[in-house]
There are 2 protein chains.
Amino acid sequence: MNDLETRQLRYFVAVAEELHFGRAAERLDMAQPPLSRAIRELERQLGVALLRRTTRRVTLTPAGEVLLRDARTALDAVSSAGRRAQHAGEPTPRLRLALKPDVDGGLLPRILDAYAGEDAALPVDLVLGRVGEQAQAVRDGRADTALLLSPFDDRGLDSEHLITEPFLLALAAADPLAARPSLRLADLAGLSLPDGSPADRGPGIGRHGRTGPRGDMATASTAQGTSDLPEIFQLVELGSVVCFFPASLTRRYPRPEIAYRPVDDLEPAALAVAWPQGSRSAAVAAFVRTATAVAAATRPRSRETPRTATA
Amino acid sequence: MNDLETRQLRYFVAVAEELHFGRAAERLDMAQPPLSRAIRELERQLGVALLRRTTRRVTLTPAGEVLLRDARTALDAVSSAGRRAQHAGEPTPRLRLALKPDVDGGLLPRILDAYAGEDAALPVDLVLGRVGEQAQAVRDGRADTALLLSPFDDRGLDSEHLITEPFLLALAAADPLAARPSLRLADLAGLSLPDGSPADRGPGIGRHGRTGPRGDMATASTAQGTSDLPEIFQLVELGSVVCFFPASLTRRYPRPEIAYRPVDDLEPAALAVAWPQGSRSAAVAAFVRTATAVAAATRPRSRETPRTATA
DNA sequence: TGCGGTTGATACCCTGCGGGTATGAATGAT
DNA sequence: ATCATTCATACCCGCAGGGTATCAACCGCA
C-alpha cells in the first residue's frame, strides 16, 4: 500500500511552499487540476489530511508540516543518490570541495598542499557557492565535502571542528566607531548590514537555527542581496554599511579605508569540515584527516580535546 | 533531465541485491523484460553504467555500488517521510520508542516514570524488535526514538550516550569455565554462540561495522537464528551454547543453572538513545533529556563531561 | 567442439495512469 | 448581494510502464 513516489513529494512540497495550487502548478509546469488530484491521492494513500483548503486559503495541517520537512530531506537524498552515482561513474574521479570563497580560515592552501601528498588523494575540484549553500551541496551530492561555518544544518552530514577565530567588524576607517579598539553589539544599533555577506551575522545573532542566519533588520536600506566582495568593500569604505568577516579573511583584504575591529560580545566563527554521513570514500576520509591535522598544527598550542572523528 | 523516481531506485536495489534480473523481477512481482528496460533507462538518465551484465553473471560497477548504498538511504528517507506524516496525523499523538526487550540498562522503568512527569510528554508506545532493528525503525519512521547498543548504524540519526555496562558471558553453571571468576575471549574458542541473541557479540568482536554484527562461526551447530530468550537460557543451561548479555539484563534473569562471568577483554555495552537527525519534536526532545538525566543519576558518581544534546 | 540450458535483450502489444481542458461550486471581499 | 478568485469535478487522451513471445549470447559439459 504505502509506497510514495518522488513525484508525489515534489508536488506536495511545491503546494506546501506556495500554499496555492495554481502557483504551485505553474511552478511545476503543469495544470492545476491534476495537481489537486495528485495531492488528494497522496492524502488518501497516507490516510492523513495534509492541507486544509478553502477556496481562499490553503494551510498545512500538523501532518503536512511534518511531511514538508521530511519530504525535503527525502528529495535531497534521492537527487543525492543520483548525483553521487553519476560522479562515481566519471572516468577520472575527483574530490569536490564546497566552500565559500575566502571562508577557509586561511587554511585552504596548506590543506590542499598536505592533501596532495596523501595516498588516497584525488584532484580537488572547488565547488564555490554562497554562504549557507555548502551543506546543501554536500547533502544533494554536488560536493563530496565542504568547509563551512558552524552552526549549519547538519542533517545527513558528519562534521569535524577545525578552527575558531573571531569575527571582525568591517567599517569605514573614518567612522567614529573605528577610533575604538573594540566594540560591542549594542554599538551597532541602526547600522546597515548587507544581506548575504560572506559571514552574514546580523543582529539575529541570538538565533542558532539550522538554516543560515539571515539579517532581518528593517533598517538595512542598501546593498540587499549582494555577495560580491568588492562591492561590499566599496560600500563599507563609503560608510554605507558595516559587515562581519572572519579574522582570517580580513587579513587577505587589508585596505587603508577599512578598519577591522573585534566585537567583544559576538561569538566567534567556527570553521568545520563536513561530509556525507556514513561516507565510505577513502578520498573524503583522507581529506578530513588532512584538514583536521592542518587545523591542529595551526591552532595556538592549546591541548584541547581532539574529539575523534565519528567516521 | 535528472529526476529519479523511487520506483527506479527500488528496481535498481532489487537487481543490485540479487545480481540477477530474473530473481529481482520475481521479488518485485513483475516480469523480467520491463525490469531490464527500466534499469537500462536509469543508466541512460544518469549517463553511467551501473551493472556489468553477461548472460551468466551480473556485477556492480563502482557507480552501481555507490548508488546501491545511497539508494537504500534515499528509499529509507522517502518511506520515513510517509510514515512520519501518517503518525503525525493520528488523532492522539504518541511517542514510539524502539528497543530490544530487556536491553535498556535497567533504566526503562525509571525513564518512563520520569518522562511521564514532563510537560511535553506523550503516551509511550514500545516498538519491540530484534537487536539491530532499532536504528532502522527510527530511520524509516516506524519509531520516534530508540534505546540501542553502540556502535550502530547512525546514518540519519542523532544520538546521546546513556550508560556503559559490561557484557557478561552466560554459560552453564556446570561448565568448568564457570569455576573461574572471570574469563578472556581466548577461553571461548570453539564454543557456540547463538545467532541473533539479545547482545550478539560473537568472535567477530573486532568488527565495528555499522550493520549489526553477526556471528559467523561455522562451528555453531544449533540455535541458529533464535532470539527467544527462554530458548537461549535453556540451551545455555544444557551447555549447548554460551551467550553475551549486558550486565543489567543478567540481573533480571538470575538462574541457578546459569553462571554469568565477566570477560576481561570484551569491550562493554554502551547504551544510547537515538532520534531522527534534526527532529523538531518537543516530545522526543523531552524523552532524550529525561533519558540522559536518569542515566546520569544512575551512573556511579563520575563527574564526566555531559556532552550536551545537539537537538 | 558442438549442444543445450540459462539468462538478459528485443519486439511488439495493450492497459491504465498521469496530464490536459472545460466547467462547476464555494468562499471571502466589496 | 455580487463578483472575482480558486479549488474540485467531469471527461478525454496519449504514452509510459508492464506483459508475452522470442531471440541471442554466454557458459558448462560431454
Side-chain angles (χ1 to χ4, degrees), chain A residues 1-61 63-65 67-68 71 75 78 82, chain B residues 1-61 63-65 67-68 71 75 78 82:
Chain A
M1 57 153 224
N2 183 10
D3 243 356
L4 302 184
E5 284 299 327
T6 60
R7 181 175 43 78
Q8 300 179 282
L9 296 181
R10 282 195 301 273
Y11 287 6
F12 174 75
V13 168
V15 175
E17 284 179 354
E18 300 284 347
L19 291 177
H20 190 290
F21 281 77
R23 282 195 297 275
E26 189 178 8
R27 189 171 120 185
L28 293 167
D29 201 33
M30 67 186 291
Q32 168 260 320
L35 178 58
S36 288
R37 261 194 330 188
I39 299 293
R40 195 162 278 294
E41 168 63 16
L42 175 61
E43 290 177 309
R44 198 200 56 74
Q45 267 187 42
L46 294 177
V48 164
L50 300 169
L51 299 165
R52 278 217 151 282
R53 49 270 243 190
T54 75
T55 57
R56 305 301 280 183
R57 187 189 322 279
V58 176
T59 56
L60 287 168
T61 65
E65 289 182 34
L67 185 61
L68 175 57
L75 290 175
V78 170
Chain B
M1 55 152 227
N2 183 11
D3 244 357
L4 302 184
E5 284 298 327
T6 61
R7 181 177 42 79
Q8 300 178 283
L9 297 182
R10 283 193 302 272
Y11 288 5
F12 174 75
V13 168
V15 175
E17 284 178 354
E18 301 283 348
L19 291 176
H20 190 289
F21 281 77
R23 282 195 298 274
E26 189 178 9
R27 189 171 120 185
L28 293 166
D29 201 32
M30 66 186 292
Q32 168 260 320
L35 178 58
S36 288
R37 263 194 328 188
I39 299 293
R40 195 162 276 294
E41 168 63 16
L42 175 61
E43 289 177 310
R44 197 201 56 75
Q45 267 187 40
L46 294 177
V48 165
L50 301 170
L51 299 165
R52 280 220 149 280
R53 48 271 241 191
T54 75
T55 57
R56 306 301 280 183
R57 187 189 320 279
V58 175
T59 56
L60 286 168
T61 64
E65 289 182 34
L67 185 60
L68 175 57
L75 290 175
V78 170

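Everything numeric in this text was worked out from a predicted model, so none of it was measured. All values below were derived from every heavy atom in this structure, side-chain atoms included, with hydrogens, water molecules and symmetry-related copies excluded.
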> Rounding to a whole Å, what distance do you find between A:Arg53:CZ and D:dT6:C1'?
Replying inline: 12 Å
> Expressed in angstrom and rounded to an integer, what is the separation of B:Gln45 atom CD from D:dG17 atom C1'?
Replying inline: 13 Å
> Can a side chain N or O of B:Ser36 be found less than 4.0 Å away from OP1 or OP2 on C:dG8?
Replying inline: no
> Does B:Arg57 CZ have over 12 foreign heavy atoms under 6.0 Å away?
Replying inline: no
> Residues from residues 7-18 of chain B sitting under 4.0 Å of DNA chain C, heavy atoms only?
Replying inline: none
>> Treating primed atoms plus P, OP1 and OP2 as sugar-phosphate and everything else as base, which nucleotides of nucleotides 22-30 of chain C get B, S or - for protein heavy atoms under 4.0 Å?
In response: B---BBS--
>> Could you tell me how far apart B:Arg52 (CZ) and C:dG8 (C1') are, to the nearest whole angstrom?
In response: 15 Å
Name the pairs: protein N/O against N/O of nucleotides 14-16 of chain C, kept only if under 3.5 Å.
none

>> What I want to find out is whether A:Glu26 reaches A:Arg23 closely enough, with some N-O distance under 4.0 Å, to be called a salt bridge.
In response: no
>> Let me spell it out: for each of A:Arg37 and A:Val58, pick the nucleotide of DNA chain D with the closest heavy atom. Which residue's pick is nearer the 5' end?
In response: A:Val58
> Within this structure, what is the CD-to-P distance between A:Glu43 and D:dC7, rounded to whole angstrom?
Replying inline: 13 Å
> Rounded to the Å, how far apart are A:Ile39 CD1 and C:dG19 P?
Replying inline: 11 Å
>> Output the rounded distance in Å from CG (A:Leu42) to P (C:dG18).
In response: 12 Å
>> Can you see whether B:Arg10 engages B:Thr6 through a side-chain donor-acceptor pair at a distance of less than 3.5 angstrom?
In response: yes
> Between atom CD in B:Glu26 and atom P in C:dG8, what is the gap in whole Å?
Replying inline: 12 Å
>> From CG of A:Leu19 over to P of D:dT5, roughly how many Å is that when rounded to an integer?
In response: 20 Å
